[in-house]
Amino acid sequence: LLGHLPGFLYDKLGFLERAYATGAAAVPLQLDEPTLLLREPEDIRHVLTTHAARYEKTPRLTSESGRRISGAGLHTSLMANHLPERRLLQPVFRPAALEDFTAGMRNQTNSRMASWRVPGEWDAGAEMEQLALAIIIGAIFGSGYQDRDGQLARAITARRAFLEYRQASLLPQAEYLPVPTVWRYRAAMKVIEHEIEHGMVGDGFAARFAALRYPDGRTLSRKRLRDEILTLMSTGYETIGDALTWTLYLLARHPDVEAQVLREMAGPGGGLPYTRQVLEESLRLYPPTWIFIRMATAADQLPSGAAVRAGMKLYLCPYLLHRDSRFFPDPGRFDPERFTDAARQARPRYSYFPFGGGSRQCLGEPLAMQECLVVLSQILPRFRFHPPAQVPELSPGVTLRPKGGLVMRVEPR
Ligand code: HEM
């Protein structure tokens, strides 16, 4: 009666790995709704780019309650409304516009590093998440903003716990249940609303959004501004915290690669091309957005031949494609040489998509890459991380994190 659902809920990654290994072009799954797990890069391209208008994000995001909770912004809009919003916000996220945030990223990193207990053993995952959170708060409200006693950071963390709980819960009304996660979320939203209401000044994203104009001269309404800021508060830090965590872990395990990164950081020249390859390889093995979903609005046929029924869910799973030996020989091996231009061009575009693709491709990609490079170039020359004895287990929630955190021994260099 329940089809594949119990197996899936018990061990999502293991279940999907086994389904993927059956080798069908698109694997049918009997979950809460009929679902197809995609395996072919051309099918993924079809869904994300060439035929994207036939596929929506899921009601968990796009429904009224989804938009109320996640923010009725770009991330949750229906395809029909998406393009004008995307065009409006895009300029704020261009690499050249992000230069101003570099100093803030460096300062936040240095001020957190000053409090590190070294030599010592602690959860580098939790620390990277707190750092990424401090950076996005500074980026949203501007360099002059002070988060008094860390109350906003705590509120955003409580909201994140609620989003995680809502995603994991199968109950349609999870947000109304009398449980502490929900109470804490309600209290947190009061703090968040207050800070947004007073935070449209300064030189951060909030003020930059407020200054945007549609082609006809209109600005974003107060409500839309609030919602775009809420969107940044959920999309803009945990993914980066995870990417930094996994990269520190992989470098700790691969001293030869780490040595090359340090040589690049000590040398002249900007851009850090090798460190960028390291990051890309880290996002291959541990893509923070390990899965995302589309829903077919009409019947369709995928390039592989698989038939899609209206209402069907399609699972797009970077984690699985990224570990497919058809595209990445010996997929478990950490090897930044997979991301030279030549190696990249030899693969199908949609064998690697940590940031999605098409018109819904991650808007924060340039910010994420820049932030990771800035943070790593502050941390690595000064501190050495030692890997844990055990390979960390994965916790596939809203993002892909190490289960129970990632305790590492940290020493000054
Ligand atoms: C390593 C870090 C990040 C990863 C792996 C990541 C991944 C993704 C992915 C896979 C999507 C597409 C989801 C879909 O199509 O269903 C997405 C969308 C999005 N991301 Fe990111 N993201 C990261 C960082 C960020 C940051 C830092 C921001 C903002 C500051 C951000 C803002 C957004 C927004 C607004 C969208 C929705 C875009 C749209 O629908 O037009 N992301 N992200």
Side-chain angles (χ1 to χ4, degrees), residues 38 44-45 47-49 52 55-62 66-67 70-90 92-95 97-98 101 105 128-129 131-133 135-140 156 204-206 208-209 227-247 276 279-280 282-295 313-319 321-322 350 352-376 398-401:
L38 301 193
I44 293 168
R45 179 201 300 280
V47 172
L48 290 182
T49 69
Y55 296 91
E56 294 284 2
K57 292 187 176 182
T58 57
R60 188 175 289 283
L61 286 172
T62 58
R67 302 199 85 206
S70 296
L74 191 65
H75 183 46
T76 59
S77 58
L78 289 168
M79 283 309 246
N81 308 326
H82 174 255
L83 198 58
E85 296 182 17
R86 174 96 184 184
R87 289 220 172 103
L88 182 73
L89 296 184
Q90 193 104 42
V92 177
F93 290 91
R94 293 225 170 91
L98 299 173
F101 293 120
M105 293 171 179
M128 288 305 111
E129 182 160 322
L131 172 57
L133 177 53
I135 290 176
I136 197 72
I137 290 176
I140 291 173
I156 295 175
F205 281 115
R208 292 173 189 212
F209 288 168
D227 282 34
E228 294 300 353
I229 295 168
L230 272 184
T231 302
L232 288 190
M233 288 178 178
S234 44
T235 57
Y237 82 98
E238 41 178 300
T239 44
I240 296 188
D242 295 335
L244 286 168
T245 303
W246 289 118
T247 306
R276 196 174 272 271
L279 264 172
E280 288 174 324
S282 161
L283 292 169
R284 178 183 74 82
L285 282 166
Y286 301 106
T289 307
W290 63 279
I291 190 168
F292 54 97
I293 305 174
R294 286 294 184 276
M295 216 154 178
K313 276 188 183 171
L314 304 187
Y315 278 10
L316 297 100
C317 190
Y319 179 85
L321 272 286
H322 291 184
Y350 283 98
Y352 180 76
F353 55 111
F355 293 100
S359 66
R360 307 301 293 248
Q361 166 138 354
C362 178
L363 192 64
E365 177 176 354
L367 179 77
M369 294 305 280
Q370 179 191 334
E371 181 172 329
C372 288
L373 292 176
V374 169
V375 170
L376 291 173
V398 173
T399 63
L400 187 64
R401 305 156 116 192

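Both ligands and their constituent atoms are indexed starting at 1 by order of listing.
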Are any non-hydrogen side-chain atoms of [X] and [Y] less than 4.5 angstrom apart?
X: Pro288; Y: Leu283; result: yes
X: Met369; Y: Pro95; result: no
X: Arg86; Y: Ser77; result: no
X: Arg294; Y: Leu48; result: yes
X: Glu56; Y: Leu78; result: yes
X: Ile135; Y: Val375; result: yes
X: Phe209; Y: Leu232; result: yes
X: Phe205; Y: Val92; result: yes

With atoms numbered from 1 as shown, which atoms in ligand 1 lie under 4.0 angstrom from a non-hydrogen atom of [X]?
X: His82; result: 39 (C), 40 (O), 41 (O)
X: Thr235; result: 24 (C), 25 (C), 26 (C), 28 (C), 29 (C), 31 (C), 32 (C), 33 (C), 42 (N)
X: Leu74; result: 39 (C), 40 (O), 41 (O)

Examine ligand 1 and decide if any of its atoms is less than 4.0 Å from a heavy atom belonging to Arg294.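 Judged by the 4.0 Å heavy-atom criterion, Arg294 does count as contacting ligand 1.
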Would you call Glu85 a ligand 1 contact, heavy-atom distance under 4.0 Å?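 Not so, Glu85 does not reach ligand 1.
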Among protein heavy atoms, which lies nearest [atom], and at what distance?
atom: atom 35 (C) of ligand 1; value: Leu363 CB, 4.0 Å
atom: atom 36 (C) of ligand 1; value: His75 ND1, 3.9 Å
atom: atom 7 (C) of ligand 1; value: Thr289 OG1, 3.2 Å
atom: atom 23 (C) of ligand 1; value: Thr239 OG1, 3.5 Å
atom: atom 40 (O) of ligand 1; value: Arg360 NE, 2.8 Å
atom: atom 38 (C) of ligand 1; value: Arg86 NH1, 3.5 Å
atom: atom 29 (C) of ligand 1; value: Leu232 CD2, 3.6 Å
atom: atom 5 (C) of ligand 1; value: Pro354 O, 3.5 Å

Counting both backbone and side chain atoms, is some N or O of Gln361 under 3.5 Å from an N or O of ligand 1?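 By distance alone, the answer is no.
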What class does the angle between the rings of Phe353 and Phe292 fall in, given that below 30° is parallel, 30 to 60° is tilted and above 60° is perpendicular?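 Plane angle over 60°, so perpendicular.
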Quick check: does Cys362 put an N/O/S atom under 2.8 Å from atom 21 (Fe) of ligand 1?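 Checking Cys362: at least one N, O or S atom is under 2.8 Å.
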Supply the atom-to-atom distance [X] [atom1] to [Y] [atom2], rounded to the nearest 0.5 angstrom.
X: Ile293; Y: Lys313; atom1: CD1; atom2: NZ; result: 5.5 Å
X: Thr235; Y: Ile136; atom1: OG1; atom2: CD1; result: 7.0 Å
X: Thr247; Y: Leu376; atom1: OG1; atom2: CG; result: 6.0 Å

Return the option from Ala52, Ser282, Gly364, Gly356 holding the heavy atom at the smallest distance from atom 28 (C) of ligand 1.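 The nearest heavy atom belongs to Gly364.
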Select the closest option to atom 6 (C) of ligand 1 among Tyr55, Phe355, Phe292, judged by heavy-atom distance.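 The residue whose heavy atom sits nearest atom 6 (C) of ligand 1 is Phe355.
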Ligand 1-proximal atoms of Leu367, by part, heavy-atom distance under 4.0 Å: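 For Leu367, the contact with ligand 1 is made by the side chain alone.
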Answer with side chain, backbone, both or neither: which part of Glu371 has a heavy atom less than 4.0 angstrom from an atom of ligand 1?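 Neither part.
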